[in-house]
Amino acid sequence: IFSYLHMKYLFFSWLAVFVGSWIVYVEYSSYTELCRGHDCKDSICDKFRKGVIDGSACSSMCEKDTLYLGKCFTVKPSSQVYSGSWGDLEGVIKCQMEEAPRYDMGGELEPRKETAFNKPAKGTSVEKFREMILNHLKAKVGDQANLADLSTQVLSIADANKDGHISLPEARSTWALLQLNEFLLALVLQDREHTPKLLGFCGDLYMMEKVPHAPLYGISLPWVVEVWIPAGLRRSMDQWFTPSWPHKAKISIGLLELVEDIFHGTFGSFLMCDVSAAAFGYNDRHDFKVTDARHIVPEAVFQEDIRQQRCDADEDCLYGADCLTTCDLTKHRCTPEVTRPNLAKACDALKDYILRGAPSDVSEELEKQLYACIALKGSAEQTEIEHSLILNNLKTLLWKKISHTKDS
């Protein structure tokens, strides 16, 4: 009997070690294949040295070695995010990867598809470049009255060395950045404090100020642990390590203000297509910040793209995690109007976060308003009065509770 139990113990121990080693190998190999900061830097710096691109961070990264790519902490096939330092500045560096690295039959790394950096063409005047920017912005956010102001801001950023002239390499870097939703949103909201500040760029690699507390809430667990935890307990665990309630109220007001700013804002409307805690964070003063804006998309672009999408059911008309429209079965095409406004999705994300630990004198009214908010249907335009009323009521309720405290 002892021998049998001993053999059984050894077998299951060996099996556990084998399975665990395999999981570690798969995770590590996929991480190392995707997380290749030196490849991204080498590619960008090669183009800088050849005079193809230029930007405010190029010389520091490629010549002076005062801008460093640190730890890789977000790995996706299309982009990589690194901690970064630039002299005394600490930030986040984002590098665009259009496809994951691939290996040929001999095990050699194949060249990745990269941004061409071929626009604007040689000989393009500044006025022609301004016209290109205006047309691009018009296609992205619609025909807004003040697009000329936004294009002027773009040209100001393009003049990276502030010599009063925009070189062709500087223009090509700026044009590449304009293709990114996150860069466009940072431009649109630069007078607000919801997006991190742009610290510098080189080609389509750019550095933003660091958001010290991200994600907004939640704890990361290995997937082997995740599968055994009930959903209710998991939601409760996500709220274990959050700030005090007054600080959470201030952060929540920041998210509500973001919703307000991107609905019929100065430069058009945007849709939030991934309203999860992972896309947001806050700084040491508990100011709300967007940390991942790739799924905050111009409404005009979303509607144009979704109209072309073929469908057989509503589920086929989903963009990101949260932008769902309906399927027109007579045409088998998606309709352009989302089924839920940004505000409803934001309230859904905040519900557990702001209700946990809420003072007893506001918790009942806060819960009532949050559920009314979550119940909003249709686009914000369709329910504009109700949308504005609920948004203002929520902000007022939270501000009244914290306005007399130092946390505000």
- Message: Could you check whether any side-chain N or O of Ser83 sits under 3.5 Å from a backbone N or O of Lys71, counting only pairs where one atom can act as donor and the other as acceptor?
- Response: yes
- Is the side chain of Asp328 donor-acceptor paired with the backbone N or O of His332 at a distance under 3.5 Å, no angle test? no
- Message: Does Lys210, at its NZ atom, have more than 12 non-hydrogen atoms belonging to other residues, nucleotides or ligands within less than 6.0 Å?
- Response: no
- Message: Please determine whether disulfide bond (SG atoms under 2.5 Å apart) holds for the pair Cys202 and Cys45, giving the CA-CA distance in whole Å, both sets of side-chain angles, and the decisive distance to 0.1 Å.
- Response: CA-CA 8 Å; Cys202 185; Cys45 288; over 6 Å; no
- Task: Go through the steps for Cys327 and Cys311 under the test disulfide bond (SG atoms under 2.5 Å apart), then give the verdict.
- Result: CA-CA 6 Å; Cys327 179; Cys311 61; 2.1 Å; yes
- Under 6.0 Å between the ring centres of Phe263 and His387? yes
- Task: Would you mind listing every side chain to side chain donor-acceptor pair (under 3.5 Å) that reaches into residues 126-135, with sequence neighbours excluded?
- Result: Arg130-Thr152
- Go through the structure and list residues passing ring-ring contact (aromatic ring centres under 6.0 Å, His included) with His194, not counting sequence neighbours. none
- Message: Among residues at least two apart in sequence or on other chains, which ones pass side-chain hydrogen bond (donor to acceptor under 3.5 Å, both in side chains) with Asp159?
- Response: none
- Message: Checking Trp86 now: which residues fulfil side-chain hydrogen bond (donor to acceptor under 3.5 Å, both in side chains) with it, not counting sequence neighbours?
- Response: Ser60
- Task: List in chain and number order the residues that pass salt bridge (charged side-chain N to carboxylate O under 4.0 Å, His left out) with Lys248, two or more places apart in sequence or in another chain; answer none if no residue qualifies.
- Result: none
- Message: Tell me the closest heavy-atom pair linking Asp312 and Leu329, and the distance in Å.
- Response: O-CD2, 3.4 Å
- Message: Please list all pairs meeting disulfide bond (SG atoms under 2.5 Å apart) that have one or both residues in residues 160-195, counting only residues at least two apart or in different chains.
- Response: none
- Message: I'd like to know if the side chain of Glu170 reaches the main chain of Ile53, judged simply by a donor and an acceptor atom lying under 3.5 Å from each other, with no hydrogens or angles considered.
- Response: no
- Qualifying residues under side-chain hydrogen bond (donor to acceptor under 3.5 Å, both in side chains), relative to Lys345, sequence neighbours excluded: none
- Message: Between Arg172 and Pro120 (side chain of the first, backbone of the second, donor and acceptor by atom type, cut-off under 3.5 Å), is there such a pair?
- Response: yes
- Residues in side-chain hydrogen bond (donor to acceptor under 3.5 Å, both in side chains) with His295, at least two apart? none
- Query: Listed by chain and number, what are the ring-ring contact (aromatic ring centres under 6.0 Å, His included) partners of His136, not counting sequence neighbours?
  - Reply: Trp175
- Query: In chain order, what residues pass the ring-ring contact (aromatic ring centres under 6.0 Å, His included) check against Phe201, with sequence neighbours excluded?
  - Reply: none
- Item | Contact summary for Lys94 and Asp292, nearest pair of heavy atoms | NZ-CA, 4.5 Å
- Query: Under 3.5 Å, is there a donor-acceptor pair between the Tyr371 and Gln369 side chains?
  - Reply: no
- With no hydrogens and no angle check, is any side-chain donor or acceptor of Lys119 less than 3.5 Å from a backbone partner on Ala176? no
- Inspect the surroundings of NZ in Lys64 and state if more than 12 heavy atoms from other residues, nucleotides or ligands are less than 6.0 Å away. no
- Message: So which atom in Asp54 and which in Ser173 form the shortest heavy-atom distance, rounded to 0.1 Å?
- Response: O-OG, 2.7 Å
Please table the atom pairs, donor to acceptor, closer than 3.5 Å between any side-chain atom in residues 347-354 and protein atoms at least two apart or in another chain.
none

- Ring geometry between Phe302 and Tyr319 (parallel below 30°, tilted from 30 to 60°, perpendicular above 60°): perpendicular
- Message: Looking at every non-hydrogen atom in both residues, tell me the closest pair between Asp322 and Val275 and how far apart they are.
- Response: OD2-N, 2.7 Å
- Locate the shortest heavy-atom distance separating Ile402 from Ile253; write the atom from each residue and the value. CD1-CD1, 4.2 Å
- Contacts of Asp163 meeting salt bridge (charged side-chain N to carboxylate O under 4.0 Å, His left out) (sequence neighbours excluded), chain-then-number -> none
